[in-house]
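Report on one structure; see the data block that follows.
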Number of protein chains: 2
Amino acid sequence: MAKKDLRERIKEVAVEHFNNNGYHGTTIRNIAKDVNCSLPMIYYYYNNKKELFDEIIKREYFGLLKRQAALLRTNNIIDFYTKFVYDLNSLSNYDKKVYRLGIKVYLSFDGDEELMEIMDEWEKTILPRHYQILKPYLKNADNDIAIVRTLVHLLETLIESIVVKNRFLPEEEIREEISIVLREC
Amino acid sequence: MAKKDLRERIKEVAVEHFNNNGYHGTTIRNIAKDVNCSLPMIYYYYNNKKELFDEIIKREYFGLLKRQAALLRTNNIIDFYTKFVYDLNSLSNYDKKVYRLGIKVYLSFDGDEELMEIMDEWEKTILPRHYQILKPYLKNADNDIAIVRTLVHLLETLIESIVVKNRFLPEEEIREEISIVLREC
DNA sequence: CTCTATACTTAACGTTCGTTAGAATTATAC
DNA sequence: GTATAATTCTAACGAACGTTAAGTATAGAG
């Protein structure tokens with residue numbers, strides 16, 4: 001087994017376990033069993049349980065978020081957001097689980113205060129980012145900011161449905177809901 | 001200490017602990033310490049850890065949901081939903097924590113399959129219930145159902161903000177967002 | 001072939017967990 | 001006041017946890 005392989009496989013199995021059983025419900029022994037390696041090998045690649053968890057959130061989850069945020073825009077704003085959400089359906093199982101784990105930390109259902117601070121920092125960027133995206137389409141009405149806020153709130157639930165509840169959302173349903181919020185754009 | 005008192009206090013402290021540390025992160029010893037009673041007293045009133053957790057979800061959380069669902073309606077539908085969400089701000093700390101714990105189980109971040117089934121059953125009733133409430137205000141357009149779905153999705157995020165993230169949402173912000181979704185009603 | 005760094009193992013450490021046995025205390029009934 | 005039932009305690013059980021010590025295999029370099 002090459003070095004990189006095993007380290008990566010440990011992380012993959014860890015994502016699965018942290019997802020299913022939470023941080024405290026996950027044991028290094030069970031991870032080792034599923035990876036089919038001895039228990040101390042986990043400690044060979046990761047200093048301790050928390051470091052393994054942190055790497056998943058800090059590297060995998062935020063890597064995923066940044067890839068998502070960098071998506072190209074189409075001309076039609078409703079098309080863009082529909083695609084943005086719809087494409088989550090076809091995320092790999094691994095990425096979905098990483099995403100789910102990140103949301104768990106985001107809702108402070110898992111993780112610690114340090115991770116929560118990173119989440120809070122990220123959260124502050126969400127509204128401004130979407131405001132920039134939507135700006136050209138807004139009608140300069142006094143409820144512009146409210147529209148952006150409503151859309152972001154709606155997106156949050158749609159993402160949760162797909163990623164956390166593991167449901168498939170049809171493109172048409174996503175488009176309908178986004179259109180309702182953005183119907184004046 | 002009267003019987004009822006202690007049993008109730010154990011449940012209150014348990015809500016706190018399950019909320020902060022999850023099911024597996026919570027220990028009977030720590031609950032007993034905070035309640036200021038001996039460890040086996042927990043087992044005197046509850047057969048085991050899982051039964052204590054289950055009672056919180058099955059009785060406290062669903063009790064709360066049913067009280068919420070039974071709320072009276074006003075004449076104005078936007079007023080109704082605004083109040084519905086806004087009033088969550090002033091839920092007691094205990095009720096907020098019970099709610100938060102329920103959402104955690106709802107998102108299958110905690111609990112087991114049996115509790116998830118109960119959640120699924122409840123979830124099926126949500127859309128029809130709100131459709132009944134909104135029916136008189138809908139314009140019989142072909143996106144009626146989509147509007148109800150969008151509203152329910154928006155409500156979900158707003159509730160999460162208040163209860164899970166423990167934020168205060170001003171009445172005006174809530175009204176704005178609900179109005180955007182229901183602007184044709 | 002030997003040396004050395006890397007990859008991996010077995011076995012155990014000390015701690016904490018959920019849970020219970022069994023006795024002590026307190027309240028209630030007659 | 002004594003018998004009985006309801007509370008509460010101290011102490012401990014076995015099991016599982018995170019982590020580590022100390023050694024064995026393996027593979028590439030000289």
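Just so you know, these numbers use all the heavy atoms, side chains as well, and skip hydrogens, waters and symmetry mates. Numbered from 1 within each chain, the chains take letters A, B, ... in sequence-line order.
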Measure the distance from CD1 on A:I28 to C1' on D:dC17 and round it to the nearest whole Å. 10 Å

Could you give the CG-to-P distance, from A:L39 to D:dA21, as a whole number of Å? 15 Å

I need the CG-P distance between A:N30 and D:dT19, as an integer number of Å. 15 Å

Do A:T125 side-chain atoms and A:E121 backbone N/O form a donor-acceptor pair below 3.5 Å? no

B:L6 atom CG is separated from C:dA27 atom C1', nearest whole Å, by 16 Å

Would you classify A:T27 as touching base, sugar-phosphate or nothing, given that sugar-phosphate means primed atoms plus P, OP1 and OP2, and contacts are heavy atoms under 4.0 Å? sugar-phosphate

Nearest-Å distance for atom pair CE/P, residues B:M41 and C:dA24: 18 Å

Side chain of B:N48 only, please: which of C:dT19, D:dC17, C:dC8 is the nearest? C:dT19

Can you tell me which nucleotide in C:dG18, D:dT19, C:dT9 comes closest to the side chain of B:R29? C:dG18

Nucleotide of C:dC17, C:dT20, C:dT9 approaching B:Y43 most closely (side-chain heavy atoms): C:dT20

Any idea which of D:dG18, C:dA7, C:dA11 is nearest the A:Y45 side chain? C:dA7

Sub-4.5 Å side-chain heavy-atom contact between B:I180 and B:R183: yes

Which whole-number value in Å describes the distance from A:Y44 OH to C:dT9 C1'? 13 Å

5' priority, DNA chain C, between B:Y23 and A:P40 [closest heavy atom]: A:P40

So, do B:I77 and B:I133 sit near enough that their side-chain heavy atoms are less than 4.5 Å apart? yes

To the nearest angstrom, the CD-P distance between A:E51 and D:dG18 comes to 15 Å

Is the cationic atom of A:R7 (NZ for Lys, CZ for Arg) positioned less than 6.0 Å from the six-membered ring centroid of A:Y46 and within 45 degrees of its normal? yes

Measure from CZ on B:R9 to P on D:dT7 and round the result to the nearest Å. 15 Å

Within the distance-only criterion (no hydrogens, no angle test), does the side chain of B:R149 pair as donor or acceptor with the backbone N or O of A:E176 below 3.5 angstrom? no

In terms of side-chain heavy atoms of A:K49, which of C:dT9, D:dT19, D:dC9 is nearest? D:dT19

